[in-house]
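First up is the structure itself, then whatever we jot down about it.
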Amino acid sequence: MSRFESRWNPQAPAALQRREAVLARLAALRALEDRAAAASARSRPVFEKRGQLLPRERVALLLDPGSAWLPLATLAGYLYDVTDPARSVPGGGMIAGIGQVSGVRCMVVASDSGIEAGAIQPMGLEKILRVQEIALQNRLPFVHLVESAGANLMRYRVEGFVHGGSLFRNLARLSAAGIPVITVQHGSGTAGGAYMPGLSDVVIMVRARSRAFLAGPPLLKAATGEIATEEELGGAEMHCSVSGLGEYLAEDDRHALALAREVLATIDWPPQPAARAATPPLYPADDLLGLISDDLRQPVDMREVMARLADGSELLEFKPLYGAATLCAQARIEGRPLGLISNNGPIDVAGANKATHFIQWMCQLGHPIVYLQNTTGYMVGKDSEQGGMIKHGSKMIQAVTNATVPQITLQCGASFGAGNYGMCGRGYAPRFLFTWPQARTAVMGGEQAARTMQIVTEAALARKGQIPDPQQAQTQFEQIVAMFEAQADVFHTSALLLDDGVIDPRDSRAVLAQCLALCAEAEARPVRPMQFGVARM
């Protein structure tokens, strides 16, 4: 492989302007994440009175000190709890991420019980379903720190109840696949929430704090007239000594987390396979802040991005003279081999064929593929259509869909039209999908959508012999642009779980390295699947 010679000047006025714009977006992202932490922390007096730790303190104590933590979906549900941007609290009411516990890389999920007592929010449900799927794909032990008021009955939606069953189904799938499911029951688990410990392999309960029952005292009395205390129905001591729902009885949160660490230490989960020794890129990660403009019509050579991710900035470009607007290159990140696919313009016929060939080549080698999305879509026009753009683009989509190696997507800039599909967007189930703060996702740009509707409207009026009203046409144009731009914004798409998180571009190499290590670990790890998950005895 040859070293890429960068032509980028990070001190150019345009680069500095782009850098400031990205930093402003990152500041807005961090402010929203801090808002969720602050909202949870406002419950500290209540938690301290009960002798409990706050949810983020629980996660911090569970994880190995100084180990890497990859947070997931921190913007989930933003503007879906309330529509006021100044009041909305993102995160979906839960904390989720990948971290190391007693030397074992795990998926960790914690109810954010400092917010609405941990009641499950609609996008919080989508978030936990997504991280369960990540755990299953990557063979990650699933550690769940539970303290939830269940569903908020004042906001009851029947679809939430029905789809909520998938949460429990996934716990059963994880266990049956041979992946440990460990629950620390810090507080209540009522009704459906009681099945979280019920479908776990190991359950740790906290004396005088843990509760798990299908019907709490109020519902029990309303349904049957029976009167019972919370401890009689579902207390920690009862479950650990009578029902058998709990394996371990802890004295407090700290003791419970220590027990969880002991359990993880004993599962003898194989460590990740070693990677080849790596050399850092020749160019600083800080350059990534200024490479892509907020105005996605401004071109960028995505090789410059690749060179700031790859070991030693070394790239072996595949078919460099053919389909030149579609970039395919072999490289290494932290010693692990991979294929990189990106865009320096629309995907044309040659580019689609080239990408299809490259994807199959990576599958033959067994190398993961990383897509660096920055595309306005597939090429349109008479020549393109006559050249078979549809069938050649379809071949590329076939290859992406059926690739036999892990695929990871990083949306760096534009992700428009069918280019989102051909470059392994969310609908194509990449193992991981992260976005940069300036990324945009849409079926087309706002101005293109508005212009299209304007042409359609004018044609419809002409058929009726009517003349369009210029002021009305301009109003419609502006409304369509605003609608598309708002929905294309990364804060909106991330709130909908259309990615696994918005990341600082400077962290891209570290995030990709962690994802590649997870994929390699999953491939190498032997598991012992069973016909059913571990049944509680």
Side-chain angles (χ1 to χ4, degrees), residues 6-29 75 85 283 285-309 324-327 342-348 351 371-381 409-420 422-423 425 434-454 474 476-495 498-499 502-506 508:
S6 176
R7 298 176 182 175
W8 178 250
N9 177 10
Q11 298 305 314
L16 294 174
Q17 186 178 11
R18 294 174 184 181
R19 185 179 190 278
E20 291 306 311
V22 175
L23 288 174
R25 294 283 284 173
L26 285 171
L29 169 65
L75 289 182
Y283 309 106
D286 194 72
D287 290 355
L288 295 171
L289 293 174
L291 274 166
I292 294 182
S293 172
D294 246 1
D295 179 1
L296 298 178
R297 292 170 295 191
Q298 295 187 22
V300 59
D301 185 353
M302 291 299 290
R303 296 178 188 86
E304 298 282 0
V305 174
M306 293 179 178
R308 286 156 179 81
L309 301 176
T326 299
L327 305 178
S342 192
N343 325 97
N344 274 358
I347 304 169
D348 58 14
Y371 298 83
L372 304 175
Q373 284 195 2
N374 185 38
T375 179
T376 54
Y378 286 92
M379 184 69 79
V380 296
T409 300
L410 183 59
Q411 289 185 211
C412 303
S415 181
F416 292 155
N420 174 275
M423 289 294 292
F434 294 98
T435 54
W436 283 2
Q438 69 274 49
R440 296 285 187 276
T441 304
V443 67
M444 63 183 72
E447 290 187 10
Q448 288 87 345
R451 189 70 63 201
T452 300
M453 287 305 302
Q454 190 176 57
Q474 183 61 29
Q476 176 183 283
F477 185 91
E478 291 171 358
Q479 288 175 341
I480 293 173
V481 170
M483 177 183 68
F484 268 73
E485 291 303 317
Q487 292 192 49
D489 185 84
V490 70
F491 284 13
H492 180 84
T493 53
S494 194
L498 300 181
D499 64 26
V502 182
I503 65 170
D504 187 327
R506 294 168 293 188
S508 299

Could you go through the side-chain contact (heavy atoms from CB on, under 4.5 Å) check for L372 and L309 one step at a time?
CA-CA 11 Å; L372 304 175; L309 301 176; 4.0 Å; yes
From CA spacing to verdict: side-chain hydrogen bond (donor to acceptor under 3.5 Å, both in side chains), R451, Q454
CA-CA 5 Å; R451 189 70 63 201; Q454 190 176 57; 2.6 Å; yes
Do you know the tightest heavy-atom contact between [X] and [Y]?
X: F416; Y: T376; answer: CB-O, 3.7 Å
X: G351; Y: T326; answer: CA-OG1, 3.4 Å
X: F491; Y: L29; answer: CZ-N, 3.8 Å
X: S508; Y: P505; answer: OG-O, 2.7 Å
X: P10; Y: D287; answer: CB-OD1, 3.4 Å
X: D348; Y: M379; answer: CA-CB, 4.0 Å

Quick one: do T409 and M423 satisfy side-chain contact (heavy atoms from CB on, under 4.5 Å)? Show the steps, please.
CA-CA 8 Å; T409 300; M423 289 294 292; over 6 Å; no
Has the side chain of T493 got a donor or acceptor atom that lies under 3.5 Å from a matching backbone atom of V490?
yes
Looking at S342, is its backbone amide N or carbonyl O close enough to the side chain of N374 to form a donor-acceptor pair, meaning the two atoms are under 3.5 Å apart?
no
From the list T435, T375, T441, D499, side-chain hydrogen bond (donor to acceptor under 3.5 Å, both in side chains) with Q411 holds only for T441
Under the rule for salt bridge (charged side-chain N to carboxylate O under 4.0 Å, His left out), what residues qualify as partners of [X], not counting sequence neighbours?
X: R25; result: D489
X: E447; result: R297
X: D286; result: R19, R506

[X] side, atom [atom1]; [Y] side, atom [atom2] - distance, nearest 0.5 Å:
X: S494; Y: F434; atom1: OG; atom2: CZ; value: 10.0 Å
X: D294; Y: L296; atom1: CG; atom2: CG; value: 7.0 Å
X: L327; Y: N344; atom1: CG; atom2: CG; value: 4.0 Å

Please list all pairs meeting side-chain hydrogen bond (donor to acceptor under 3.5 Å, both in side chains) that have one or both residues in residues 7-18, counting only residues at least two apart or in different chains.
R18-Q298
Residue of the set V502, L410, D504 for which side-chain contact (heavy atoms from CB on, under 4.5 Å) holds with W436:
L410
Output all residues satisfying side chain to side chain contact (heavy atoms under 4.5 Å, CB included) with A488, sequence neighbours left out; order by chain, then residue number.
R440, A442
Test of understanding: with side chain to side chain contact (heavy atoms under 4.5 Å, CB included), list the residues that count as partners of E478, not counting sequence neighbours.
Q474
